[in-house]
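In the text below, chain A, chain B and the rest are named by the order of the sequence lines, each starting its count at 1. Every heavy atom of this structure was used, including side-chain atoms; hydrogens, water molecules and symmetry mates were not.
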Amino acid sequence: MDYKPHLIEKKWQKAWYENDAFKAIDFDERPKYYALVEFPYPSGDGLHVGHIRAYTSLEIIARKRRMEGYNVLFPIGFDAFGLPTENYAIKEKIHPRKVTDANIKVFTKQLQRVGFSFDFSRVVDTTDPEYFRWTQWIFIQLYKKGLAYRSKTYVNFCPSCKVVLSNEESQGGHCDRCDSTVEQKEKEVWFLKITEYAERLLEGLETLETLPRIRLEQENWIGRSEGAHIIFDVLGTESRLEVFTTRPDTLFGATFMVIAPEHPLIDAQAEQITNLAAVRHYQQSARLKTEFERTQLIKDKTGLKLDGLMAENPGTGEPIPIFVADYVMMGYGTGAIMAVPGHDERDYDFAKAHDLPIVEVIAGGDIKQAAYTDTETGILINSGFMNGLSVDAAIDAMIKHLEKTERGHRAVNFKMKDWAFNRQRYWGEPIPIIHCQDGTMVPVDEADLPVTLPEVEAFEPTDSGESPLANIKAFTDVSCPTCGEMARRETDTMPQWAGSSWYFLRYTDPHNNTQLADLEKLKYWLPVDWYNGGMEHVTRHVIYSRFWNQFLYDIGAVPVSEPYKKRTAQGLILGVDGDKMSKSKGNVVNPVEIIEHYGADTLRLYILFIGDYEQPTPWNDSGVKGARRFLDKVWRLYDHVDDQVETEAHERLLHQTIDAVDKDIEHVKFNTAIAKLMTLVNELSKAETIAKDTYITLLKLLNPFAPHIAEELYARLGHKETLVHASFPKADPDKMTERNVTVVISVNGKVRDKMTVAKDLDDEALKALVFDNERVHKFLGEDAPKRIIIVKNKLVNIVV
RNA sequence: GCCUGGGUGGCGGAAUUGGUAGACGCGUUGGACUUAAAAUCCAAUGGCAGUAAUGCCGUGCCGGUUCGAGUCCGGCCCUAGGUACCA
């Protein structure tokens, strides 16, 4: 009988899912293993081959761990709030709730057709009020601790999507989704004070097992730098300018100051500024510049002197001018800098453009030509008490001096900014805050959670950039929980990152309706042993969710400070043409079609065989056939199973394969693991008969990759129980070792011949054999060997 | 610009601490089976020269270390991703 995947796959999926074969058991005595994959956004397009690649890695691990005797939690859910659903709903005039439910149904069905061993009894859906009740609850806790606040800022506004975008969503000055040019709009919005956790988020990385580049990306995102805060008096006023600098040693070379266009000093000392009109004009034009213009490669150092104001350099005591220039950002440090043109390239450019004095305070360069920024060998000059010191020593000396004279102090600064936590759309979690008439903000009573979305017909955003919720009186009009007066509900919703920042906690106790998850269950399951997801989520999502977890740990809601032990990221699957898959390019591969044509086992196998898991790699239609052929071979092998005892050669290869497959799986080298299974099957296929035990071992090794065919053949051998909890094979080192080895003979480093000799043959005996070799004589000729290098069981190299 | 990956046959990709370059798969070619095709099986398959044995050349480029380099060192080039006037 032929291999008919569509028949056996349906049969086994039914058997697994109807019998809860993959159910994770709370508090079970077996060791636990928590394997987590990033939950999908259930788009209308259904499952993508990228999803399959993202999940199959931990699918293999989860299936292997169950066979190794672990109590495995391998959950799945849906990150279902978000713009595509909302936009689709607006276009088709269907409620986003209906769209979401339909999409989740399709996704679930498709995931099951692949045969993923998820525990479907623990599915979470971020748009389920029973879920986002706790998202809102967490927000309230953050608010109570002062970690959620409102602030007026300029936000990136997309005039086409009518939505406020984060910096990340408006990179290059264009909207992430529709590509329109982003405008700057002043607005009061919500922020989460993630900066308060910056140091801990950095420290916690030490316990996270991951690729160096993944760790580095997070470190760069957090962007810690050490230096000092220095206070400059603004002469003749009460105002002071505080700056952050990593180079306090260069203070004596600070010949002017620069503040960001948004800096409050301008308003505070407006009356002193004699060219105020021009300054106002400069501020205006800076605001109109898009992010793109402000950061594009041609970085003209525009700027304007604040006439009428001077600052005092606390090092030299000299008065120095103050400029406003848009190369200084309000969002980093204090929004003001001390400019040291001699030793900073940007300040150098600005000084040259505005004809300002350049003072050399670090010897070693030529400041007539360029700023000198070498901190390794530079020696301080023109710097009073620091003269003659190295840069390192001078930094230290200056900080001590500043602290003694109370002109400044040692400081650490972070590039990471507070998390803009808002969206002006319908399809998101309402922020559970009530604005009382008297101007105060009151969190919604926890007993009144969840704040649900009103049932409405229209969820289009308003032209003003306000959430569509702002127009719905039934939603906005409430009485204040503290004073009972008329009040108005917050109408902003949370960004999509909210629900995904804690979903891994909910999986441990998904149906709890008194708390986000039971602490004992969290204690049992956490931390996540292995988390896999996209490279693109390696910074923001991982940092955001670690932040929430650390906060929840601080308030005692979660038992561990760091939620993840290990993080991996799969590479992209590209189209056949090597480009990113996209509808517009028409190079999207639909996994369901592959399943219909070849079967789910073939799809799983091929996607893992396609290349290095962590590297991007193009799809290849005929490559899929190879995976199918391999399964056909495994199927046909069944007819050759016999009750004989296995030959020694087969046994050796089998144990070598067990060992290699085991190691390759753990090292995320699924492609080579499969290659080794193929080698084994090729070898077994050559024999007339193979032993039943050998075949069973093969099926067990294959089971994590292609579980349907493995189960079917295993059952046909007469087994009543499934392979789900069958024991995973263990390699026996004694049965792995070869009796003979091939030794390479080379002359002057060039391979000339090979010999098969007994393993661990001693050097003298080996030498004798080598000098008996005809080809060696040919290549040696008359020359006497100068040196002989022997690498045991590997090679002999003769140097002449 | 800076940071991090990656450049290996016609293609996807393998190669412990430096020690047989090209595992495995695809494709291609030839053969077997078949009325025929598909499927399957067998064989060959880095390049050049040669009837062959065999020899020479080959892991982005240039140079170095070494008995020996895809692997280590120095200097470039290309490419993908991240980040960007970060003080």
Task: Whole-angstrom distance between G9(B) and C24(B), as gauged at atom C1' - done: 15 Å
- [ ] Determine: side-chain N/O of Asn671(A) to OP1/OP2 of A14(B), distance under 4.0 Å, yes or no.
- [x] yes
- [ ] Could you tell me whether Gln615(A) contacts a base, only the sugar-phosphate backbone, or nothing, with contacts defined as non-hydrogen atoms closer than 4.0 Å?
- [x] sugar-phosphate
Task: Phosphate OP1/OP2 of C86(B) contacted by Arg346(A) side-chain N/O (<4.0 Å) - done: yes
Task: Chi-angle category of G9(B) [syn within 90° of 0, anti beyond] - done: syn
Task: Output field: ring centroids Tyr544(A)/Trp419(A) closer than 6.0 Å - done: yes
- [ ] Kindly say whether the aromatic ring centers of Phe414(A) and Trp221(A) come within a distance under 6.0 Å.
- [x] no
Task: First of Thr679(A) and Gly333(A) reached from the 5' end of RNA chain B, by closest nucleotide - done: Thr679(A)
Task: G25(B) and A15(B), which share atom name P, separated by this distance in whole Å - done: 16 Å
Task: Thr539(A) side chain near G82(B) phosphate (N/O to OP1/OP2, under 4.0 Å) - done: no
Task: Nearest-neighbour nucleotide for the Lys415(A) side chain, U20(B), C86(B), U4(B) considered - done: C86(B)
Open item on the list: Taking only the P atom of each, what is the distance from C33(B) to A37(B) in whole angstrom?
Closed with: 12 Å
Task: Minimum-distance nucleotide (side-chain atoms of Met329(A) versus C56(B), C85(B), U20(B)) - done: C85(B)
- [ ] Could you check how far OH of Tyr598(A) sits from C1' of A39(B), rounded to whole Å?
- [x] 13 Å
TODO: Output the single nucleotide from A23(B), U16(B), G68(B) whose closest atom is nearest the side chain of Asn797(A).
DONE: G68(B)
TODO: Give one of base, sugar-phosphate or nothing for Val751(A), where a contact means two heavy atoms less than 4.0 Å apart.
DONE: sugar-phosphate
Task: Whole-Å gap separating P (A80(B)) and CD (Gln570(A)) - done: 20 Å
Open item on the list: Say we look at U65(B) and U29(B): how far apart would their C1' atoms be, to the nearest angstrom?
Closed with: 44 Å
Open item on the list: Need one value for Lys633(A): base, sugar-phosphate or nothing, where a base atom within 4.0 Å counts as base even if backbone is also close, heavy atoms only.
Closed with: sugar-phosphate
TODO: Take Ile322(A) and Phe232(A) through the test side chain to side chain contact (heavy atoms under 4.5 Å, CB included) and record every step on the way to the result.
DONE: CA-CA 11 Å; Ile322(A) 304 169; Phe232(A) 288 67; over 6 Å; no
Open item on the list: Taking 4.0 Å as the cut-off, does a side-chain nitrogen or oxygen of Arg787(A) come that near to OP1 or OP2 on C67(B)?
Closed with: yes
Open item on the list: Taking only the P atom of each, what is the distance from G68(B) to G58(B) in whole angstrom?
Closed with: 15 Å
TODO: Identify the nucleotide, in any strand shown, that forms a Watson-Crick or G-U wobble pair with U16(B), with both distances under 3.5 Å; if there is none, say none.
DONE: none
TODO: Could you tell me how the ring of Phe350(A) sits relative to the ring of Tyr327(A): parallel (under 30°), tilted (30 to 60°) or perpendicular (over 60°)?
DONE: tilted
Task: Distance-only donor-acceptor check, side chains Glu38(A) and His537(A), under 3.5 Å - done: yes
TODO: Please check if any side-chain donor atom of Asp418(A) sits under 3.5 Å from a side-chain acceptor atom of Thr195(A), or the reverse.
DONE: yes
TODO: Would you kindly compare Thr742(A) and Glu536(A) by the position of their nearest RNA chain B nucleotide and give the one closer to the 5′ end?
DONE: Thr742(A)
Open item on the list: For a quick test of reading the model: is some side-chain N or O of Asn793(A) closer than 4.0 Å to OP1 or OP2 of G19(B)?
Closed with: no
TODO: Side chain of Thr245(A) only, please: which of C26(B), A87(B), A14(B) is the nearest?
DONE: A87(B)
- [ ] For C3(B) versus C67(B), give the span between their C1' atoms, rounded off to a whole number of Å.
- [x] 39 Å
Task: Sugar-phosphate only, base, or nothing, as touched by Lys625(A) at under 4.0 Å among non-hydrogen atoms - done: sugar-phosphate
TODO: Assess the side chains of Lys633(A) and Asn682(A): does a donor N or O sit below 3.5 Å from an acceptor N or O?
DONE: yes
Open item on the list: What's the gap between G60(B) and G10(B) when it is taken at their P atoms, as a whole Å value?
Closed with: 14 Å
Task: Atom-to-atom span, CG of Asp579(A) to P of G81(B) - whole angstrom - done: 10 Å
- [ ] Rounded off to whole Å, could you give me the CD1-to-C1' distance for the Ile674(A) and C24(B) pair?
- [x] 10 Å
Open item on the list: Under 4.0 Å from OP1 or OP2 of U20(B): is there any side-chain N or O of Arg752(A) that close?
Closed with: no
TODO: Determine the contact category for Asp632(A): base if any of its heavy atoms lies under 4.0 Å from a base atom, sugar-phosphate if only primed atoms, P, OP1 or OP2 are that close, otherwise nothing.
DONE: nothing
- [ ] For Asp621(A) and C11(B), give me the distance from atom CG to atom P, rounded to whole Å.
- [x] 18 Å
Open item on the list: Heavy atoms from C-beta onward define the side chain here; which of U40(B), G25(B), U20(B) lies closest to that of Met678(A)?
Closed with: G25(B)
- [ ] Return yes if the base of C85(B) and the side-chain atoms of Lys301(A) contain a donor-acceptor N/O pair under 3.5 Å, otherwise no.
- [x] yes
- [ ] Could you check how far CG of Leu766(A) sits from C1' of G19(B), rounded to whole Å?
- [x] 14 Å
Open item on the list: Main chain of Asp760(A), side chain of Asn793(A): is a donor-acceptor contact present, judged purely on distance under 3.5 Å?
Closed with: yes
Open item on the list: Let's see if you can work this out: which of G12(B), A14(B), C67(B) has an atom nearest to the side-chain heavy atoms of Ile610(A)?
Closed with: G12(B)
Open item on the list: Any base atoms under 4.0 Å from Asn413(A), or only sugar-phosphate, or nothing? Heavy atoms, all strands.
Closed with: nothing
Open item on the list: Taking pairing as Watson-Crick or G-U wobble with both contacts under 3.5 Å, can you name the mate of G9(B), or confirm there isn't one?
Closed with: none
Open item on the list: So if I take every side-chain heavy atom of Pro618(A) and compare against A14(B), G12(B), C24(B), which nucleotide ends up nearest?
Closed with: G12(B)
- [ ] Answer yes or no: does a side-chain N or O of Arg224(A) lie under 4.0 Å from OP1 or OP2 of C86(B)?
- [x] no
- [ ] Give one of base, sugar-phosphate or nothing for Arg628(A), where a contact means two heavy atoms less than 4.0 Å apart.
- [x] nothing
Open item on the list: Nearest to the Glu217(A) side chain among G82(B), C85(B), U40(B), which nucleotide is it?
Closed with: G82(B)
- [ ] For Leu795(A), answer base if it contacts any base atom (sugar-phosphate contacts may also be present), sugar-phosphate if it contacts only those atoms, and nothing otherwise; contact means non-hydrogen atoms under 4.0 Å.
- [x] base
Open item on the list: With a 3.5 Å limit on both atom pairs, tell me what U40(B) is paired to, counting Watson-Crick and G-U wobble, or say none.
Closed with: A32(B)
TODO: Between G47(B) and C11(B), how far apart are the P atoms? Round to whole Å, please.
DONE: 12 Å
TODO: Go through the side-chain N and O atoms of Tyr282(A) and Thr302(A) and say whether any donor and acceptor fall under 3.5 Å apart.
DONE: yes
Open item on the list: Using a heavy-atom cut-off of 4.0 Å across all strands, would you classify Pro212(A) as base, sugar-phosphate, or nothing?
Closed with: nothing
Task: Atom-to-atom span, NZ of Lys794(A) to P of G18(B) - whole angstrom - done: 11 Å
TODO: Let me know the distance between CG of Leu211(A) and P of G5(B), rounded to the nearest Å.
DONE: 9 Å
Task: Nucleotide forming a Watson-Crick or wobble pair with C48(B), both distances under 3.5 Å - done: G55(B)
TODO: Scan side-chain atoms only and decide if Glu738(A) and Gln656(A) contain a donor-acceptor pair under the 3.5 Å cut-off.
DONE: yes
Task: Base partner of U4(B), which must satisfy Watson-Crick or wobble distances under 3.5 Å - done: A80(B)
Open item on the list: Please pick, from G13(B), U83(B), C24(B), the nucleotide with the shortest atom-to-atom distance to any side-chain atom of Trp221(A).
Closed with: U83(B)
Open item on the list: Heavy atoms only, 4.0 Å cut-off, all strands: where does Ile789(A) land among base, sugar-phosphate and nothing?
Closed with: base
